[in-house]
Structures are given as C-alpha cells and as structure tokens.
Amino acid sequence: MTDLNTLEADVLAQVAAAGDLSTLDAVRVAAVGKTGSISGLLKTLGAMSPEERKTQGAAINALRDKVQEAIAAKKAALEAAELDARLASETLDLSLPAPYRRKGSVHPTMQTMDEMISIFAEMGFAVAEGPDIEDDFHNFTALNFPEKHPAREMHDTFFFNPKESGERMLLRTHTSPVQVRTMVSQKPPIRIIAPGRTYRCDNDATHTPVFHQVEGLVIDKGIHMGHLKWTLETFLARFFETDAVTTQFRPHHFPFTEPSAEMDVQCDRSGGEIKIGQGTSWLEILGCGMVHPNVLRACGIDPDEYQGFAFGMGVDRLGMLKYGMPDLRDMWSSDVRWLSHYG
Ligand SMILES: CNC(=O)COc1cccc(Nc2cc(Cl)ccn2)c1
C-alpha cells in the first residue's frame, strides 16, 4: 500500500511547484483524474474488509479533498497572477502623447480645386457639373469648332468606338460642354463655374492625359470685357492671397470666344519661386474671352439680347504656382512622401 503521507507530500509539492495553469491541470489529472494516483487508491477499497475499507476509505477521501483544495487555491493564485501581469502590461498611461499615426491628406490638386470653387462661390457663381464622356455636339460643334478642326483629331482627343448610330463619343477635352448643357437648359442670367476632369492625348513634362480645369461662364445683358477683367482679377488676388494683381490681356484665338485673350499676371521671378502680386515679369495664367455669338445661337440664346464672357484655367497649373510644386508629374506620382509634404 502506498504510504498516504508520502503521496500527499509528493502531490502537494507538485501543486506548489506548478508555474502555470496547464502544468497545474496536468498535476490534477495525474492525482485525481480518472486514472490518477489517488483515484487509483479508491479502486483498491473493494478488496478490503469492511472495517479496513471504512478507515482506509475515509483517509483516501480526506487526502483527495486536501489535494483538490490545494489545487483550487493554486489555480486562483495563478489566475490572479496572470490578471495582474495583464493589467501591468496593458496599463495605458493617459498622460503620454498618443502614438503618431500618419493621417491622410487631400491631394494638392483637389485642395486647389476646392479653393478655386469656394472663391467663385463667394463671388456668386454656382457650380455646374456634367458627364466626362461627351458627344461631338457638346464638346465641339456647339463650341463653334469647324468640322475639320485639328482638336477633333485622334492625336488630341480620346474617342470611343463609334456607336451603331455612328455618333462618336469621346472623353471631354475641356469642361466647356458643361456650360453648353447649362446654356441649353437654363435661361439667362447665368453665372457658373464648371470644375472637373478633362482628357487629352498629351503626355510630356508639362502635359498629362488627365488634367483638371475650372471654367467659368457669365451670361447676362450688357456684359463686357471689363466685367471679365474685374472677375478674374478679383479671383486671382484672392487665390494668391495678395491685395491686388496686375494683369494684361494678350490677343489670342479660341473658336468659342470672340474676342479671345490670354491673361498674363504680373509676378516676380527674381527669386527661386514665382511670386504673384509683385514684380515686373509676366506669366500666362489662363484663357478667356467673350462668348462667340455662334455658341450662344447653338445654345438657343439670342446674341442681340444676351452677351457673356467665359474663361478656363488649369487647376494643376495654379496649384503648382501657389504651392511652388516644381513638376506636374509629381502631382500624379502618388508618392506618399511628396503628398504628405504638400497635402
Ligand atoms: C485652360 N483653359 C484655356 O486655356 C482656355 O479655356 C477657355 C478660354 C475661353 C473660354 C472658355 N470656355 C468657354 C465655354 C463656353 Cl460654353 C463658351 C466660350 N468659352 C475656356
């Protein structure tokens, strides 16, 4: 017969030595599990005399209870220690600064476009939008482009495969179609800007196939070039955050305006960066003009009753000027280091 005292001392020593819950459970199974040492002793009771069974049985049960009590206490101690360890490792010191997490930023092109839109909105312009996929009429014909105009060629414009009807759909080459759609659907007076994505078959150091434009259109009675000049100078001064800008009109040609002009803004190129609102250099900033009568007529507006001006500027170009970005291609490299620097 195994000496109960030796067994007790041995099992209690194993319980005390158990360093973690799984070791303790292994000790429990070895002692009081189905095939455990103490459970095995209980099976020997059957072969004893009634008197012996009474005393021996009581002694073995007492040993089993003692061992189970010790295991329960040890389990509670190990669990408490485990909880303390977790509390210690997961304690948040709220007085510490939060760990740095890089937040996203608005792309400089969209930031610039948002600024342009909000300035024109403050000046009373509504924002008009339209489809990127356009038809010949809205992108060219209504804008007084002659049938054989080079801009209609494949080398300049992305065309889709002609539909059965032969209508050639294309990716709009400017946002003017949005203004055409507005003139066709809304009676004057009109004061809108048309921001958006435009597409051309260009791709070099200063041109990307997708670029962003903001065009503007005012149609009313008695509109003249003075209104155009004031509107653009007011916008440019606010956009470049300077008191006033000096501009000049340089004669130009667009099919959809007559007279057409390019507007230069006076700037200082002497330092590394171009500064608008000071200096004596000229920098081309946008194209504009009085809406051509043929365009008004194509949109159902009588040029003897209403006149209008329009302008168009490149968002990426203005953003690069304002934020001093050296290379247009950086705008599209989606280099996080660059974007987070400017964004
Ligand atoms: C970057 N943009 C440029 O160089 C030139 O953009 C321009 C210039 C002059 C006018 C317009 N838009 C326009 C729209 C209609 Cl519906 C009628 C007449 N004109 C856009």
Side-chain angles (χ1 to χ4, degrees), residues 107-110 112-113 116-117 126-186 190 192-217 219 252-258 260 286-289 291-301 310-320 327-335:
H107 191 283
T109 299
M110 301 322 287
T112 303
M113 189 180 272
M116 296 166 79
I117 290 170
V127 179
E129 295 185 337
D132 287 32
I133 297 177
E134 268 296 1
D135 56 47
D136 248 32
F137 172 76
H138 291 96
N139 198 77
F140 292 121
T141 309
L143 287 156
N144 200 36
F145 280 86
E147 279 313 307
K148 293 294 169 218
H149 193 284
R152 288 176 180 265
E153 295 312 312
M154 300 285 278
H155 57 74
D156 262 7
T157 303
F158 291 113
F159 285 98
F160 290 86
N161 299 331
K163 289 193 308 199
E164 295 63 49
S165 65
E167 165 96 66
R168 277 203 314 179
M169 300 301 280
L170 50 84
L171 286 177
R172 66 186 183 190
T173 57
H174 42 197
T175 57
S176 307
V178 177
Q179 302 170 52
V180 169
R181 289 175 181 277
T182 304
M183 286 194 278
V184 167
S185 60
Q186 180 187 324
I190 293 171
I192 57 162
I193 53 165
R197 221 172 246 183
T198 51
Y199 309 83
R200 289 198 192 157
C201 281
D202 265 342
N203 198 355
D204 58 37
T206 55
H207 297 83
T208 55
V210 181
F211 56 101
H212 298 79
Q213 263 196 344
V214 171
E215 289 203 16
L217 175 74
I219 304 282
H252 194 71
H253 172 72
F254 300 110
F256 31 78
T257 46
E258 183 55 39
S260 303
L286 57 87
C288 58
V291 177
H292 195 291
N294 288 354
V295 174
L296 294 174
R297 273 191 279 272
C299 298
I301 294 176
F311 54 84
M313 48 187 106
V315 175
D316 308 296
R317 177 171 169 71
L318 263 77
M320 286 167 69
D327 184 335
L328 179 62
R329 281 164 299 191
D330 288 340
M331 304 286 261
W332 299 90
S333 68
S334 62
D335 177 337

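Rounded to the nearest 0.5 angstrom, His138 NE2 and Leu170 CG are separated by 11.5 Å. Between the OG1 atom of Thr198 and the NE2 atom of His212 there is a distance of 8.0 Å, given to the nearest 0.5 Å. Summarising the geometry, atom CZ belonging to Arg152 is positioned 9.0 Å from atom NZ belonging to Lys148; distances are rounded to the nearest 0.5 Å. Once rounded to the nearest 0.5 Å, the distance linking CE of Met169 with CG of Asn161 reads 12.5 Å. Note that the CD1 atom of Ile301 and the CD1 atom of Ile190 stand 4.5 Å from one another [nearest 0.5 Å]. Here the CD atom belonging to Gln213 is positioned 12.5 Å from the CD1 atom belonging to Ile193, to the nearest 0.5 angstrom.
For the pair Asp316 (side chain) and Phe211 (backbone), a donor-acceptor distance under 3.5 Å is absent. Between the side chain of Thr175 and the main chain of Ala194, a donor-acceptor pair closer than 3.5 Å is present. When atom types are taken as modelled, the side chain of Asn144 and the backbone of Pro255 share a donor-acceptor pair closer than 3.5 angstrom.
With contacts defined as side-chain heavy-atom distances shorter than 4.5 Å, the pair Ile133/Leu171 qualifies. Cys201 has its side chain within reach of Phe158: a pair of non-hydrogen atoms, C-beta onward, lies under 4.5 Å apart. Looking at heavy atoms from C-beta onward, Val315 lies out of side-chain contact with Pro195 at the 4.5 angstrom threshold. Leu217 places none of its side-chain heavy atoms less than 4.5 Å from the side chain of Val178.
The aromatic rings of His174 and Phe140 sit tilted relative to each other, their planes meeting at an angle between 30° and 60°. Note: His149 and Phe145 have perpendicular aromatic rings, judged against thresholds of 30 and 60 degrees for the angle between ring planes.
A salt bridge is absent between Arg200 and Asp156; no separation between the charged side-chain nitrogens and carboxylate oxygens falls under 4.0 Å.
Heavy-atom minimum distance, Ala151 versus Thr157: O-OG1, 2.6 Å. Across all their heavy atoms, Arg172 and Pro131 have their closest contact at NH1-O, 3.3 Å. Summarising the geometry of Cys288 relative to Thr257, their closest heavy-atom pair is O-OG1, 4.1 Å, with the distance given to 0.1 Å. Shown here for Gly312 and Leu286, the closest heavy-atom pair between the two residues is O-CB, 3.4 Å. Contact between Ile192 and Ala128 at its shortest, heavy atoms only, is CD1-CB, 4.0 Å. Across all their heavy atoms, Ala298 and Ala142 have their closest contact at CB-O, 3.8 Å.
By the side-chain contact (heavy atoms from CB on, under 4.5 Å) test, Glu258 pairs with His292, sequence neighbours left out.
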Asp136 and Thr141: side-chain hydrogen bond (donor to acceptor under 3.5 Å, both in side chains), yes or no, with the steps?
-> CA-CA 6 Å; Asp136 248 32; Thr141 309; 4.9 Å; no

Test side-chain hydrogen bond (donor to acceptor under 3.5 Å, both in side chains) on Arg317 and Thr112 and set out the steps.
-> CA-CA 10 Å; Arg317 177 171 169 71; Thr112 303; over 6 Å; no

Could you walk me through whether Met113 and Arg197 pass side-chain contact (heavy atoms from CB on, under 4.5 Å), step by step?
-> CA-CA 11 Å; Met113 189 180 272; Arg197 221 172 246 183; over 6 Å; no

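In the displayed structure, Glu129 atom CD is contacted under 6.0 Å by at most 12 heavy atoms of other residues, nucleotides or ligands.
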